[in-house]
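Read through the structure below, which is laid out as structure tokens, and then see the notes.
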Number of protein chains: 2
Amino acid sequence: MTLADQAVEAGAGRQSMARARRRIRAKCHVQAEALRLFAERGYAQVTVDEIARAADISSRTFFRYFPSKEDVVLWDEYDEPSLREEVWGLPLAEDPLERTILILRKIIYDEYLADRDLLFARISIALSTPSVRARFVAQQIADAELMFSTIAGSWGMRAEDLDARVMAASLYAAVMVAVERWHSGGGRDDLGRLFDGAVRALAEGAWRLQPIGLRLPSSPG
Amino acid sequence: MTLADQAVEAGAGRQSMARARRRIRAKCHVQAEALRLFAERGYAQVTVDEIARAADISSRTFFRYFPSKEDVVLWDEYDEPSLREEVWGLPLAEDPLERTILILRKIIYDEYLADRDLLFARISIALSTPSVRARFVAQQIADAELMFSTIAGSWGMRAEDLDARVMAASLYAAVMVAVERWHSGGGRDDLGRLFDGAVRALAEGAWRLQPIGLRLPSSPG
DNA sequence: GACAAGATGGCAGAGACTGTCAACATGGCG
DNA sequence: CGCCATGTTGACAGTCTCTGCCATCTTGTC
């Protein structure tokens, strides 16, 4: 069973799943062409028309696949099935925090193993193009929050707790730092190990935060 | 001495500082008109042409003031002098981490006190408009990293340490959460206190993170 | 094969943004 | 005061992203 199949089954199931599979394949093809052109000439120097021509579609169809030019970089196959599927599929952990970390780790690892070069190409553009980078960051945070609130909800915690939101965003930070480090190392390191390192750094850094936190609640100044 | 004055002094000093002061005042005026229109009709429903007309400038001039439509929301007076000025001006703290927190806190507090309604209007649009929100988030992170690397550098730490970067991003997370909470409370709470709470949440979360961090370095999973 | 649902392409158009250039304001200086 | 250098503005034309609309073609179903 291919990735596309899984995606479709999880999706709006009722319709013909062949259509959806074709659609995903088509999107992959367009993305590949786009990334090739971006690598050659840079993101800003390639127009949507050119991508469409390279992928043998009309530019109108391009925008039916990807809501914006940025999305052709951000999108990946794994976006198609809802994140929630992944969430429920993982083995339980006692702690919502630990579970979030395990899930994040799995997602990172899956993508990493699936197609290292593709991931590297996407990250390269995401990190070097400000507008794409901004959306990249925002998307990561949204994902982390979705996961955390889902998990926290299933444990009876309120997702709006300061703690939940701060931790979700901080975990994103760990992902982001790991990804950047991985990229700056030319993609040769082990992304999973870098992520572990970032999580440990977070634990240690926040540890040193304890005495400061206690000292804070005094005056505004 | 007005804010504008300070900004100019810190800036490319050599020229006539009257010019720069006028420029900042003009930008403030354009921003005020823009926010007024956005509040009336929503960000997307207002064109740059309309903002320009309302502020009595040409749209070409608008883009000379603000590189993009989004920036008219994101910009504030305090962006003009370099952040570094603020950094060096604050009383020393033993720990770079603590110092970063104090600086963040001061910046938040200054803006907060300067013009609560203006800040609230800007945050409202930043949070509700996806494209602006993405840039808002990215900007916060960049600021936090700039500060942290400046401070870390002055203490002889390497700014590229995993620890430094993770903590910078996590602190941003605390700011973000505090700002969102402040906004959802209608701007009535004390922003500084909310920030303190977020920092404490981070410290506590890290506490719970420690055992997980130690358990991680095993298998990819 | 016929029919319904969905996917596509082409076209026109709004709106964000940029390059260029000529007109204009400003501040300093003889 | 007049003049020059420098910086600021507006107008215009043009590019590019993105959208609505509609006619056309493909696909899956019966």
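Letters A, B, ... are given to chains in the order of the sequence lines, protein chains preceding strands, and every chain is numbered from 1. Worth knowing before you read on, the calculation uses all heavy atoms, side chains too, and leaves out hydrogens, waters and symmetry mates.
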What is the distance from CZ of B/R19 to C1' of C/dG28, rounded to the nearest Å?
-> 10 Å
Within the distance-only criterion (no hydrogens, no angle test), does the side chain of B/D189 pair as donor or acceptor with the backbone N or O of B/L191 below 3.5 angstrom?
-> no
Is the ring centre of B/W75 less than 6.0 Å from the ring centre of B/Y65?
-> no
Check for a donor-acceptor pair, side chain of B/R122 on one end and backbone N or O of B/V73 on the other, with a separation under 3.5 Å.
-> yes
Are the charged groups of A/R36 and A/E33 less than 4.0 angstrom apart, N to O?
-> yes
Please state whether the phosphate of D/dT8, meaning OP1 or OP2, lies under 4.0 angstrom from any side-chain nitrogen or oxygen of B/Y65.
-> no
Do B/W182 and B/F195 have ring centres separated by under 6.0 Å?
-> no
Would you say the ring centroid of B/Y112 lies under 6.0 angstrom from that of B/Y109?
-> yes
Integer-rounded Å distance: C/dT8 P and A/R53 CZ | 19 Å
Calculate the interatomic distance between A/R21 atom CZ and D/dT27 atom P; express it in whole Å.
-> 14 Å
Do any side-chain nitrogens or oxygens of A/T61 fall under 4.0 Å of OP1 or OP2 in C/dT8?
-> no
Protein heavy-atom contacts under 4.0 Å, written 5' to 3' over nucleotides 15-24 of chain D as B (base), S (sugar-phosphate only) or - (none), form the string -SSBBBB---
Take the protein atom CD1 of A/I57 and the nucleotide atom P of C/dG10, then report the distance between them rounded to whole Å.
-> 12 Å
Using five pairs at either end of the helix from C/dG1-D/dC30 to C/dG30-D/dC1, determine the angle between the two local helix axes and round it to 10 degrees.
-> 10°
May I ask you to decide whether A/R133 forms a salt bridge with A/E180, counting only side-chain N to carboxylate O separations under 4.0 Å?
-> yes
For the pair A/K106 and A/D110, find out whether any cationic side-chain nitrogen is under 4.0 Å from an anionic carboxylate oxygen.
-> yes
